[in-house]
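To keep things clear, I will list the structure first and then write my remarks on it.
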Amino acid sequence: MKSHLDTEKIHNPIVLTGLMGTGKSALGKMLAESLGLPFYDSDHVIEQRAGITINEIFELYGEPKFRETETKTILELLEGGPCVIATGGGALTNAPVLDAVKEKALSIWLKTDIPTLLKRLEQSKTRPLLKHDNPQAVLEDLLAKRGPLYEQMSIHVETHPTDIRQTMANLQDALEHHLIDETP
Ligand code: S3P
């Protein structure tokens with residue numbers, strides 16, 4: 001889906017945030033393609049550099065070590081000029097990441113309701129935080145804790161439960177309006 005957005009108005013990285021399963025990676029890739037910008041998925045960058053999966057990082061070194069690596073990786077990606085970055089769902093819990101995203105990026109929160117997330121994540125084996133017998137309670141708890149962080153993003157986009165192209169259109173519209181409002 002080619003974008004009719006004026007890419008010359010984009011001077012900063014575009015950062016996608018939101019709970020796991022909201023579609024940050026899939027939409028980020030589509031958005032980057034439509035804008036002709038490079039795309040980075042911070043979890044993939046971390047896995048490539050570490051040579052092991054996120055699951056293995058959690059198992060071998062624990063969540064605090066993952067958060068440290070995640071912080072370094074995202075801060076570095078934010079220095080690379082215009083691009084699209086899909087972050088992990090917990091990225092904003094790292095205070096330096098929250099501050100840098102607010103300061104340096106065009107920030108987006110992808111909002112998806114918990115029942116939709118549960119359906120999408122039912123089969124996921126790649127999310128260490130969901131290795132739990134009550135994933136619904138986990139997601140509700142994460143949303144309660146992280147909602148106030150996601151709220152601080154400049155653009156909020158409701159995702160469509162089943163139609164990614166519709167969500168992509170909503171995302172492009174929201175971005176366009178934001179860029180128009182920001183242009184002096
Ligand atoms: C996490 C989300 C994951 C990944 C890690 C922790 C979280 O990314 O970074 O498993 O804390 O919500 P996705 O949001 O891409 O699943």
Side-chain angles (χ1 to χ4, degrees), residues 13-33 38-78 83-101 105 107-153 155-161 164 167-168 171:
I14 297 174
V15 171
L16 298 178
T17 71
L19 283 180
M20 40 194 148
T22 49
K24 300 177 297 282
S25 304
L27 287 159
K29 210 167 171 188
M30 286 167 78
L31 182 66
E33 219 162 86
F39 171 68
Y40 303 101
D41 177 318
S42 63
D43 281 344
H44 283 174
V45 176
I46 292 167
E47 288 183 331
Q48 273 175 348
R49 288 182 180 175
I52 52 176
T53 64
I54 301 293
N55 258 331
E56 288 165 334
I57 297 175
F58 269 73
E59 271 166 33
L60 294 171
Y61 306 108
E63 184 172 345
K65 181 69 194 163
F66 169 74
R67 296 296 172 203
E68 208 180 285
T69 312
E70 182 178 47
T71 300
K72 264 196 221 147
T73 306
I74 296 174
L75 293 184
E76 194 189 303
L77 292 173
L78 284 171
C83 65
V84 177
I85 305 169
T87 58
L92 300 181
T93 62
N94 308 302
V97 173
L98 177 65
D99 290 346
V101 165
S107 59
I108 299 171
W109 174 23
L110 294 179
K111 296 176 78 168
T112 307
D113 59 82
I114 303 272
T116 304
L117 291 181
L118 275 171
K119 257 190 228 143
R120 284 194 198 148
L121 295 167
E122 224 168 27
Q123 307 297 335
S124 173
K125 300 264 182 287
T126 58
R127 267 87 173 196
L129 296 181
L130 290 184
K131 287 183 184 165
H132 195 279
D133 43 12
N134 191 346
Q136 177 169 347
V138 172
L139 286 172
E140 280 168 356
D141 182 53
L142 290 178
L143 185 58
K145 289 187 179 131
R146 296 173 180 176
L149 307 174
Y150 297 139
E151 288 281 356
Q152 296 176 52
M153 302 298 96
I155 302 174
H156 300 178
V157 177
E158 304 270 353
T159 64
H160 190 283
I164 193 165
T167 303
M168 181 64 186
L171 178 54

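In listed order, ligands and their atoms are each counted from 1. Keep in mind that this is a model prediction, so the values were computed, not measured. The first residue of the sequence shown is numbered 1, and numbering continues consecutively from there.
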(message) Looking at Ser42 and Ile74, would you say the former's side chain and the latter's main chain have a donor-acceptor pair under 3.5 Å?
(response) no

(request) Flag Arg127 as yes when one of its N or O atoms lies below 3.5 Å from any N or O atom of ligand 1, and as no otherwise. (result) yes

(request) Please check if atom NZ in Lys119 has more than 12 non-hydrogen atoms from other residues, nucleotides or ligands closer than 6.0 Å. (result) no

(message) Test your reading of the model: is there a side-chain donor-acceptor pair from Lys24 to the backbone of Gly18, 3.5 Å cut-off?
(response) yes

(message) As an exercise, identify every atom of ligand 1 less than 4.0 angstrom from a heavy atom of Gly88.
(response) 8 (O), 9 (O), 14 (O)

(request) Flag Thr87 as yes when one of its N or O atoms lies below 3.5 Å from any N or O atom of ligand 1, and as no otherwise. (result) no

(request) Supply the atom-to-atom distance Ile164 CD1 to Leu171 CG, rounded to the nearest 0.5 angstrom. (result) 10.0 Å

(request) Starting at CZ of Phe66, measure out to CD1 of Ile54 and round the result to the nearest 0.5 Å. (result) 4.0 Å

(request) Pull out every atom of ligand 1 sitting under 4.0 Å from any heavy atom of Leu129, numbered as shown with elements. (result) 7 (C), 11 (O)

(message) Taking 4.0 Å as the limit for heavy-atom contacts, which would you say applies to Arg146 with ligand 1: side chain only, backbone only, both, or neither?
(response) side chain

(request) Consider only side-chain N and O atoms of Thr167 and Thr159, and report whether a donor and an acceptor are under 3.5 Å apart. (result) no

(request) Specify the protein heavy atom at minimum distance from atom 2 (C) of ligand 1: its residue, its atom name, and the distance to 0.1 Å. (result) Gly89 N, 3.4 Å

(message) Classify the ring geometry of His156 against Trp109: parallel below 30°, tilted from 30° to 60°, perpendicular beyond 60°.
(response) perpendicular

(request) Give the contacting part of Thr22 toward ligand 1: side chain, backbone, both or neither, where contact means a heavy-atom distance below 4.0 Å. (result) neither

(request) Number the atoms of ligand 1 from 1 as they appear, then name those within less than 4.0 Å of a heavy atom of Pro128, with their elements. (result) 10 (O)

(request) Flag yes if more than 12 heavy atoms outside Lys111 fall under 6.0 Å of its NZ atom; otherwise flag no. (result) yes

(request) Report, in ascending order of atom number, the atoms of ligand 1 lying under 4.0 Å from any heavy atom of Met20. (result) 12 (O), 13 (P), 14 (O), 16 (O)

(message) Taking 4.0 Å as the limit for heavy-atom contacts, which would you say applies to Glu47 with ligand 1: side chain only, backbone only, both, or neither?
(response) neither

(request) Could you name the option among Leu19, Asp43, Leu121, Leu130 that has the heavy atom nearest to atom 4 (C) of ligand 1? (result) Asp43

(request) Could you list the atoms of ligand 1 found under 4.0 angstrom from a heavy atom of Phe66? (result) 9 (O)

(request) Check each atom of ligand 1 against the heavy atoms of Lys24 and keep those under 4.0 Å away; list them by number with element. (result) 13 (P), 14 (O), 15 (O)

(request) Could you tell me whether the side chain of Cys83 reaches within less than 4.5 Å of the side chain of Leu77, counting heavy atoms only? (result) no

(request) Among all protein heavy atoms, pick out the one at the shortest distance from atom 6 (C) of ligand 1; state its residue, atom name and that distance to 0.1 Å. (result) Arg67 NH2, 4.0 Å

(request) Would you tell me whether Lys125 and Asn55 have side-chain atoms, one donor and one acceptor, within less than 3.5 Å of each other? (result) no

(message) Checking the N or O distance criterion of under 3.5 Å, is ligand 1 in contact with Ile54?
(response) no

